[in-house]
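Some notes on the structure that comes next.
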Amino acid sequence: MLVIKPGNSGTPWETDVNGTRLAVGLAILGFAQAVSAQPADLPIAPARTDQFPNGFKVIRAKDGQVYATKDGHTLYGMDMRTLIAFGPDPALYCRDECTKVWEPMLAPPGSKPNIAFPRGFGSPPPPAGQAPRPAAAPAASNSDLNPDGLYNTQRAPDWTLIQGASGPQWVYKSWHLVFTRKGDKPGSTAHDGADNLTWNTLKFVPPVPKLTAPQSVAAAYRDGAYILTHKDGRALFTGICRKDCTDWSPLTAPAAGRGLGEWTVSRSGDTPQWLYRGKPVYVGAALDTPAPIPANGKVLRP
Amino acid sequence: MISQRMPKLLAAGAIALGAGSMGAAPQPFTPQAIGDAPARSLPAPPADGVMGFVVSDFVQPIVEGKDACPDGPVPKLREAYIASLPAAERERLTRKENEAELLRAWQMTAFGKNGTNICSQPEMFDRPTFRTVQSKVAWGLDLDEGNATDTCAHDTFTTPNGQTGIDNQEYRALGCKLEWRTKDGVGGDNQIGMKQFHNSGEWTQVILLRGVDSLENDPSVEVVYANTPDRPMIDAKGNYLPGITYSISTKPPRERNVLKGRIVGGVLMTDPGDIKLTQTWGQGGARDIRGNRARWDYRKARLRLEFQPDGSLKGMMAGYRPVADPIISPALGGAGSALVAGIDCAGELATLRKYADGLKDPKTGKCNGISATQRISAVPAYINDINQRRASR
Amino acid sequence: MRRPKTLLALSLAASAFAFGVWTVSADAGAPQKPTPLATAPLTAANGQIVAMRRLSESQYRSAITDIFGPDITVAGRFEPVVRPVGELIASGSSDAAISPAGLEQFDAMARVIAAQTFNEAHRSQFSDCTPADASAADVACASRILAPLGRYLFRRPLTTEEQAFYVKLAGSGAGPTKSFYKGIELALAAMLTSPNFLYIIETAEPDPANPGELRLDNYSRATRLAMTLWNTTPNDMLLDAAAAGSLTDQAKLESIANRMTQSPRMEAGVRAFFADMLKFEKFDEMAKDPVIYPYFNQDVLKALPEQMLRTISDHLLTRNGDYRDLFTTRRTFMTRALGGIYQVRVPVSDGWVPYEFSPADDRAGLLGQAGFLALYSHSGRSSPTLRGRAIRELMMCQPVPNPPGNVNFTAVQDTENKAMPTARIRLSAHNSDPVCAACHKITDPPGLSLEKFDGIGKYRAAENGAQIDINGALGSAKFSGGAGLGQAMNASGATTQCVASRALEYTTGRVVSDEALVQSTEKAFAAKGYGIRSLFFQVMTSPQNWRVPKSAPVGATRVSLNR
Amino acid sequence: MAYDLNRRTALRGMLGGAAVTVGVPLLDCFLDVNGKAMAATGNAMPIRFGTWFWGLGVNPTRWFPTKPGRNYDLPPELAPIAPLQNKISVFGNFNVPLDGAPNLPHVSGGAAVRTGRALTAERGLPGESFDVTIGDRIGSRSRFASLDLSATGDPRNSLSGRGGGNLNPSEISAANLYSRIFGTGFKDPNSASFTPDPQVIARRSVLSGVTEQRQSLERAVGAGDKAKLDQYFTSLRQLENQLDAELTKPEPLQACMVPRKVPGLPVNAEIENVMMSHELMTDLLVMALACDQTRVFNMMFNNGASSLTRIGSTITHHQLTHEEVLDPKLGYQPEATYFLTKIMEAWLYFVTALDKVKEGDGTLLDNTLVFAHSETAFAKFHTIDCMPMMMAGTAGGKIKSGLYVDGAGSPVSRVGLTMMQAMGVPMDRWGAKSMETNKTIGEIMA
């Protein structure tokens with residue numbers, strides 16, 4: 001049968017094929033949004049905690065850290081959002097042919113599913129006399145659980161359990177049904193992105209560190225570790241500038257400030273400036289520019 | 001951006017559905033828009049032979065008129081259900097007091113066994129094919145030049161300005177949908193909707209020409225057809241302003257088609273090749289939050305673009321689309337597409353299959369592609385190609 | 001014409017309101033009788049008030065940012081300081097009062113700032129003590145928190161009485177609200193609404209060099225240096241120098257002025273100075289007809305003044321350029337939005353990139369930039385007269401009288417009239433009236449050379465299909481086009497003398513009437529190759545400028561027209 | 001009441017004398033600052049603010065006026081407001097530039113109008129909605145911080161909140177609304193005892209402290225700066241007046257009376273029903289305002305993707321806007337447009353109800369600012385580049401009404417900024433990215 005691969009081509013459904021907007025209402029839109037808490041082809045978000053199920057570990061693969069089984073087989077997530085067209089419940093997609101190459105990571109015996117793939121207009125209209133469902137307003141729910149007692153995909157913890165084709169199975173970040181690739185060598189990530197982003201290695205991004213720092217400071221994950229940045233995405237760095245220091249603009253501190261954790265205020269310069277662990281902090285260019293910090297600048301790490 | 005385009009857009013929209021059109025609404029589809037270049041003097045190309053354009057119009061062209069769909073438009077699910085009923089039952093159900101029952105009844109036709117529905121799983125539903133375009137006139141190009149081996153049997157069209165052997169089966173299959181043309185045979189919602197969509201800046205395409213020595217005749221021109229994340233600048237009437245800079249996208253969805261072409265008599269035609277354009281949603285960087293990509297995927301495709309005295313381009317793109325592409329969007333919408341928009345995805349897919357005329361699978365002998373055409377207009381712009389961007393200070 | 005300022009002894013202690021406050025019992029019951037603090041003696045503890053200058057909006061903002069950090073937001077509407085005709089806003093600030101509407105806003109802003117500063121997220125940063133009981137007053141802790149804040153906000157240490165007063169306020173606030181920090185918040189808000197913060201209060205002391213005369217004292221100098229050169233409140237370096245009396249020591253003053261004029265923070269000062277000199281407040285009410293000028297939009301409007309300021313600071317500071325070349329340089333900066341106006345390729349989608357016009361563009365210096373050309377045009381058409389007048393008044397300090405009330409402008413305004421397709425033709429018709437001609441021959445000749453740039457500064461080859469004659473003149477100089485005008489401006493001594501006199505006015509908050517002073521300042525300016533840093537160094541270090549004039553100046557600086 | 005009158009009068013006397021020396025021009029300021037309401041008595045009438053939302057926009061060519069200023073033209077779909085045109089302003093050509101975010105149908109538009117920001121993947125609101133910001137300023141001490149109502153029976157239908165996922169839920173039943181306002185806990189403002197806000201007492205004591213130093217200062221300053229100090233203290237005095245007003249037992253509210261209980265209604269989205277429960281809720285809200293139980297409100301007539309239907313019909317307003325083909329002759333969708341006509345009738349009812357209540361020398365409407373808006377311009381295509389918006393009332397003389405304002409494509413956030421400033425929120429710029437603005441709408445600022 002034809003399996004339409006949204007990852008390959010397809011539009012958010014509330015347009016018709018020519019891009020003419022034909023909305024079907026918030027019930028569906030809510031669904032569309034839920035499904036897209038994060039785009040299928042954007043990187044996996046940082047882990048909520050560094051806790052994860054027994055039997056899994058984190059290994060270093062060629063492009064960053066990934067989750068793996070105890071014996072080092074890389075975990076793959078089957079992105080259910082790319083399989084909507086398969087049927088009402090993409091969690092059941094991997095059967096027969098699929099299971100020949102993909103090994104589902106089943107939950108420990110006796111455990112119950114606590115999440116399900118969100119359904120939009122999944123069912124026929126209500127019987128006579130019953131009012132049609134009201135279109136859901138934005139922010140329909142502020143709770144972690146849906147009325148059905150299952151996790152709200154927007155607010156679920158990192159690791160949940162879903163009813164898969166072979167029984168209760170691990171899901172990472174609400175969308176990625178967890179498998180390993182049969183016959184793969186430990187540490188291999190050969191099938192990352194297979195079938196138009198349906199199969200992706202589960203990249204491990206450590207939880208965002210808790211900072212005691214000025215309000216203007218944030219943390220960003222770069223090359224396998226967190227660095228300190230300006231809230232607006234510009235790089236922070238330290239070092240000593242000998243000449244043409246135009247790119248060395250100080251991270252300004254409140255003159256009346258008393259410092260904060262490892263951060264102190266220096267008033268010796270023209271501008272009150274933050275010191276981090278005693279070193280003067282400067283603001284560079286945006287992280288995604290070719291040279292965010294000057295050659296002799298040093299990045300700051302939490 | 002200062003712009004009063006809205007009221008005009010809709011004013012024009014309304015008019016477009018009645019008589020001609022103006023302002024931001026689709027231009028009335030006159031032959032000279034994409035017909036043969038009439039003799040006229042064209043400006044000399046810039047010394048460096050590089051010319052940039054931003055695409056201001058990108059939509060399936062229709063030839064207006066009632067003769068195309070003499071039996072009227074393709075019925076929506078509701079109408080189709082009513083039509084399927086015996087006269088007496090039809091009379092009963094369409095009475096006001098039975099409206100609720102009718103609604104439930106036709107909506108049931110959108111659902112199948114164990115939660116399947118007509119748009120998410122069109123394959124699992126057996127629906128009649130659509131009414132198709134009956135007239136012999138359509139816009140498009142002769143893609144197979146009559147003698148290709150990898151096509152399937154199909155009729156051809158003639159353009160309003162007399163070009164024959166036109167392959168445009170998508171138009172034949174879907175040209176009677178209400179989104180394509182109204183009951184009265186004039187441009188349907190697509191014409192307005194697509195323009196509005198592009199004007200909103202959500203999806204902007206650019207065309208970059210290199211090695212242009214003459215706008216009249218040039219045996220070899222490089223054509224880059226790509227996406228840009230930059231929003232168009234538009235005047236109070238909804239027209240794109242010339243002389244604005246656009247940078248070709250460096251991050252996904254990055255689509256950059258490089259084609260070879262030649263100019264003959266003021267008309268640029270590219271050699272057959274694949275053209276892929278990923279449709280983006282929302283303006284600026286954080287696009288397409290739904291996690292699904294819409295890609296306009298044209299195989300063996302050609303651009304036919306005419307240089308206009310005012311420096312703009314008018315023309316079209318034609319090629320073979322994978323046969324299921326046109327219903328991807330409602331398919332993703334699932335039941336909602338059927339219930340609210342009344343779209344019969346299964347019938348649509350069946351129709352597309354029936355009229356598929358290209359991309360023949362040598363093994364099965366089945367055609368998996370359908371010939372299709374987009375109308376294109378573009379205005380002069382400065383285009384930064386991917387290697388031409390410099391860091392901002 | 002301003003009243004002469006009589007100098008009266010005034011204790012800043014007094015101006016700081018050391019007095020009794022109401023004590024309100026915690027149960028919000030009836031207030032008891034006030035318990036007055038010792039009122040301060042009316043001695044000239046900190047010298048004598050010789051000027052009170054309203055803090056400008058940008059000075060207020062940068063002061064708050066410097067003192068409390070960039071994440072404390074200043075949200076409010078500032079009562080504008082009125083610009084006296086032909087003068088700088090800086091002069092207006094010496095006369096600016098605060099209306100009820102204005103104070104209501106300052107009060108609201110103060111409360112918003114104070115609330116942020118002592119909210120959960122920030123309070124630890126601004127207090128190095130914790131109250132014995134967070135729900136009650138704590139005199140010791142309050143003093144430790146408020147004293148340093150007072151020093152920054154009033155730009156001098158608090159007097160004992162002031163400190164006692166604000167600590168007392170904190171206490172009387174903590175009572176009814178049952179919160180130590182609410183009390184501190186109220187005290188801080190009171191400081192922020194005090195005249196000592198909202199006004200730059202310049203005080204003077206006897207001038208040993210000129211017996212019987214006065215000179216600004218150290219803290220007033222610290223503030224003037226900071227506000228003029230960096231457009232912000234004095235930092236610790238300056239406050240310490242003032243405490244040490246270094247700012248009345250010529251040698252030390254010069255080394256500090258030198259450090260400050262060389263600092264990157266000088267850019268803020270130079271931007272504020274030119275924004276005032278070039279009347280950038282007019283950009284706030286600039287409007288263009290979107291049908292006539294489709295390329296004009298909000299992004300463009302935002303970018304126009306910024307492009308001029310970037311050109312100015314790049315040329316005068318980054319490149320240490322000659323001020324006169326500001327009228328000829330083809331270097332500037334672009335954004336994608338501006339690319340439409342100039343019809344040029346811009347290599348980036350966001351932000352600014354350096355750009356250099358080609359000679360063929362005929363865009364020379366500031367006068368060739370869309371910001372100037374659009375600001376001095378009407379909403380639907382260009383105006384050689386407005387442009388010429390701005391050149392005369394802003395760049396050359398040559399005031400042009402307003403037109404008489406009863407003039408008939410139809411000839412100039414009717415751009416539809418086929419018989420008179422260009423502005424030049426319309427103006428000559430209009431100038432058949434000798435009354436008009438008198439002024440127009442001062443303004444129009446320079447303005448007409450820019451006629452190839454329309455009402456938003458976009459190039460046009462023709463007007464109403466007619467050729468545009470861009471010959472122009474400035475005094476005796478005859479030329480063609482923007483480049484020619486730039487050359488003539490560059491050669492006219494009036495521009496450098498004008499900027500020198502403006503620098504003096506900007507610094508002192510008074511129009512400088514003393515021609516000799518302007519001359520000598522310009523000489524020093526010239527000697528240093530017309531570098532802006534050296535101009536302000538000169539202004540800041542010449543003892544004459546620290547002396548308090550015996551009487552107020554008269555009228556605006558005049559520079560003869562036929563230079 | 002917690003205040004020492006003699007002391008205050010004494011203080012007044014002294015300052016009254018001083019104020020005269022300041023000169024005439026300043027006296028004008030007294031009135032301007034506080035608006036008409038306060039000028040009458042020294043004691044301000046409460047100023048209220050509220051929103052009135054409707055879903056699915058309009059047929060722009062048949063709704064927006066073309067003639068800016070007073071006595072604007074009334075196209076067919078706007079015609080219902082004719083009776084109160086002089087008290088209603090209409091806003092056209094205000095754009096919602098979404099740079100950086102997709103146009104989420106029926107969601108992005110409304111959220112942008114309320115927050116000046118573009119909605120991203122999160123649900124709810126991208127920032128604090130201005131009705132909440134205004135509530136913090138004017139509604140903090142009334143019994144209800146705000147009353148949020150939904151006439152279509154969907155409690156989740158709301159555009160009011162602090163941002164993020166949380167929205168203030170709406171009251172959906174007129175009967176419940178009655179007991180919430182007039183049931184237990186209702187304090188008749190005309191009988192209830194009055195306790196002033198401790199924070200205001202504290203601020204008042206700061207000001208009086210400052211003021212006491214006036215004379216010693218005036219003695220010490222030279223003539224040139226004396227004028228400035230005079231005005232400074234006159235201004236300070238104004239602030240004191242306002243605080244005094246807040247510390248004084250308010251004038252009795254003549255219009256306030258407890259209404260009769262309301263019947264229970266079926267809660268559903270049938271237009272006939274919705275009209276009825278909207279009228280009931282409106283009447284109760286009007287009394288809640290007249291009795292100063294709240295000073296902020298949000299009325300949602302229908303929801304963004306409107307689930308309105310007609311009795312005996314199950315197809316929704318929203319479905320119609322998409323399914324019903326534009327009638328080429330009419331140029332609009334007749335069926336869908338039926339609902340818009342009802343919506344405009346409901347809006348007129350709402351404004352009229354406020355205007356019927358006499359208050360001070362005007363009406364309740366005069367002391368209120370009601371902002372009405374939708375979430376799309378033209379629903380069929382989800383256009384949001386010309387949001388339909390209206391304002392009724394003058395907020396006690398701070399806003400001019402009865403105008404058509406053409407925004408010329410400038411960002412919609414200008415409207416929110418203007419209203420927040422009119423309601424006394426200290427704010428000079430508002431919104432994010434292309435919607436960040438510091439330009440208020442001068443035409444309507446009194």
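Side-chain atoms are counted along with the backbone in the values below, which use heavy atoms only and exclude waters and symmetry mates.
The contact between C/Tyr152 and chain A is made entirely by side chain atoms (from C-beta outward), counting heavy-atom distances below 4.5 Å. Looking at A/Thr246, there are no atoms closer than 4.5 Å to chain C (heavy atoms on both sides), in backbone or side chain. Proximity to chain A (any heavy atom under 4.5 Å) is restricted, for C/Asp66, to the backbone atoms N, CA, C and O. Looking at C/Leu149, only its side chain comes within 4.5 Å of chain A, counting heavy atoms on both sides. For A/Trp248, no part sits under 4.5 Å from any heavy atom of chain C, backbone or side chain.
Residues of residues 252-266 of chain A that come closer than 4.5 Å to chain C, counting heavy atoms only, are A/Thr252, A/Ala253, A/Pro254, A/Ala255, A/Ala256, A/Gly257, A/Arg258, A/Gly259, A/Leu260, ordered by residue number. Interface with chain A: from residues 224-239 of chain C, residues C/Trp230, C/Asn235, C/Asp236 qualify, criterion being any non-hydrogen pair under 4.5 Å.
Applying the 6.0 Å contact sphere to NZ of A/Lys279 captures no more than 12 heavy atoms from other residues, nucleotides or ligands. The environment of OH in C/Tyr60 is crowded: more than 12 heavy-atom neighbours from other residues, nucleotides or ligands sit within 6.0 Å.
Applying the disulfide (SG to SG under 2.5 Å) test to every pair with at least one member in residues 194-300 of chain A, sequence neighbours left out, gives these pairs: A/Cys241-A/Cys245.
C/Gln262 contributes atom CD, which lies 11.0 Å from atom CG of A/Asp270 (distance to the nearest 0.5 angstrom).
Evaluation of the ring pair (Phe, Tyr, Trp, His ring centres under 6.0 Å) rule for C/Phe180 yields no partner, not counting sequence neighbours.
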